[in-house]
**Q** 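Below: one structure in structure tokens.
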Amino acid sequence: MAQADAKRLLARPVIFLGPPGAGKGTQAKLVATHYGVPHLSTGDMLRENVQFGTALGALAKPIMERGELVPDDLILRMVQERIARADCARGFVFDGFPRTLAQAEALDAILEKQKSGPAAVIYFKVPEEILMRRMTGRRTCKIGFEIYNIYDRPPKVEGRCDVDGGELIQRPDDRPEVIRERVVAYRTQTEPLVAYYRGRQTLDEIDASASVTAVTNAVFSALGRLECRI
Ligand code: ADP
Ligand code: AMP
């Protein structure tokens, strides 16, 4: 059974890799909850820093608003602090990290030092025309960062989160002109990671253009396949 096989694998880090809007956050929340491990979204961590007005938030805000990537050293410090916490001892799901070759190499070194074994990488493949609809329609809860889509996954009550009633907002970087920059950043800086992890045989790919339920099943199957391989 793919889900049972995957259970053991979650004792190690899992990376959801793919373009912005591919559905990584949606699936990471479901899978992390299923296994009782933390969902680590570097985008959410940065947005929290912006919201709380930290020094990191002040540095990151204009970069995120332009659709560019935040410098590696800032991201790596933030991630290292997060995965050192006790709740990460039994695995975690990364969403939106690593995003550059330097981040991937630094993560390899951290995991080697921790003796946690290589991360299992799931690559979310989605055609570009679907990404635009997913990102322009995305709405996010201000409180718990729950993810909706006005076209495909609307909340029960317009503008309110089903989980905690929080206000749903549109991310400032989900405007078409910023989306275009983010896709360029993905193609030039992040997509090379597919070949990097494929070369290590720690990557499995899924068709992420299907329904949320179908994609969740594909993720569990991919985790099962990776469990047999790495
Ligand atoms: P990412 O974390 O990869 O940027 P999200 O998980 O935030 O992507 O999803 C982007 C948007 O697409 C959200 O509005 C979400 O509700 C929607 N979405 C996610 N997965 C699917 C799917 N399989 N089918 C249709 N819409 C989806
Ligand atoms: P996301 O929520 O994953 O779509 O990320 C939103 C924005 O946060 C990105 O467009 C980047 O500006 C920044 N960001 C998130 N994760 C990273 C990362 N690993 N490296 C660099 N920048 C990041």
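Counting starts at 1 for both ligands and their atoms, following the listed order. Every heavy atom of this structure was used, including side-chain atoms; hydrogens, water molecules and symmetry mates were not.
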**Q** Taking everything shown except Gln170 itself, do over 12 heavy atoms lie less than 6.0 Å from its CD?
**A**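 Counting other residues, nucleotides and ligands, CD of Gln170 exceeds 12 neighbours.
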**Q** Let me know which protein residues bring a heavy atom to under 4.0 Å of ligand 2; chain then number is fine for ordering.
**A**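 Close residues (ligand 2, cut-off 4.0 Å): Thr42, Gly43, Leu46, Arg47, Met64, Glu68, Leu69, Val70, Ile75, Gly96, Phe97, Arg99, Gln103, Arg171, Asp173, Arg182.
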**Q** Treating Ser209 as the side-chain partner and Val126 as the backbone partner, does any N or O pair qualify as donor plus acceptor under 3.5 Å?
**A** no
**Q** Check ligand 1 for close polar pairs with the protein: N or O on both sides, less than 3.5 Å.
**A**
residue	atom	partner	partner atom	Å
ligand 1	2 (O)	Gly25	N	2.8
ligand 1	3 (O)	Ala22	N	3.1
ligand 1	3 (O)	Gly23	N	3.0
ligand 1	3 (O)	Lys24	N	2.9
ligand 1	3 (O)	Lys24	NZ	2.8
ligand 1	4 (O)	Gly21	N	2.8
ligand 1	4 (O)	Arg138	NH1	2.9
ligand 1	6 (O)	Gly25	N	3.3
ligand 1	6 (O)	Thr26	N	2.8
ligand 1	6 (O)	Thr26	OG1	2.6
ligand 1	7 (O)	Arg138	NH1	2.6
ligand 1	8 (O)	Gly23	N	3.1
ligand 1	14 (O)	Tyr148	O	2.7
ligand 1	14 (O)	Asn149	ND2	2.9
ligand 1	16 (O)	Tyr148	O	3.4
ligand 1	23 (N)	Arg134	NH2	3.4
ligand 1	23 (N)	Ala210	O	2.8
ligand 1	23 (N)	Val212	N	3.3
ligand 1	24 (N)	Arg134	NH2	3.3

**Q** So, Phe220 versus His34, ring centres under 6.0 angstrom or not?
**A**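 Aromatic pair counts; centres sit under 6.0 Å.
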**Q** Hey, is NZ on Lys29 packed in by over 12 heavy atoms from elsewhere, all under 6.0 Å?
**A** yes
**Q** Quick one: does Val183's side chain get under 4.5 Å of Pro19's, heavy atoms only?
**A** no
**Q** Measuring centre to centre across the rings, with the benzene-like ring taken for any Trp, is Phe94 within less than 6.0 Å of Phe16?
**A** no
**Q** Please check: side-chain N/O of Gln103 versus main-chain N/O of Arg99, any donor-acceptor pairing under 3.5 Å?
**A**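 It does hold such a pair.
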**Q** Taking everything shown except Glu112 itself, do over 12 heavy atoms lie less than 6.0 Å from its CD?
**A**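 No, not enclosed.
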**Q** Tell me, do Pro155 and Arg160 make a side-chain contact under 4.5 Å, heavy atoms counted?
**A**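 No; the side chains remain at least 4.5 Å from each other.
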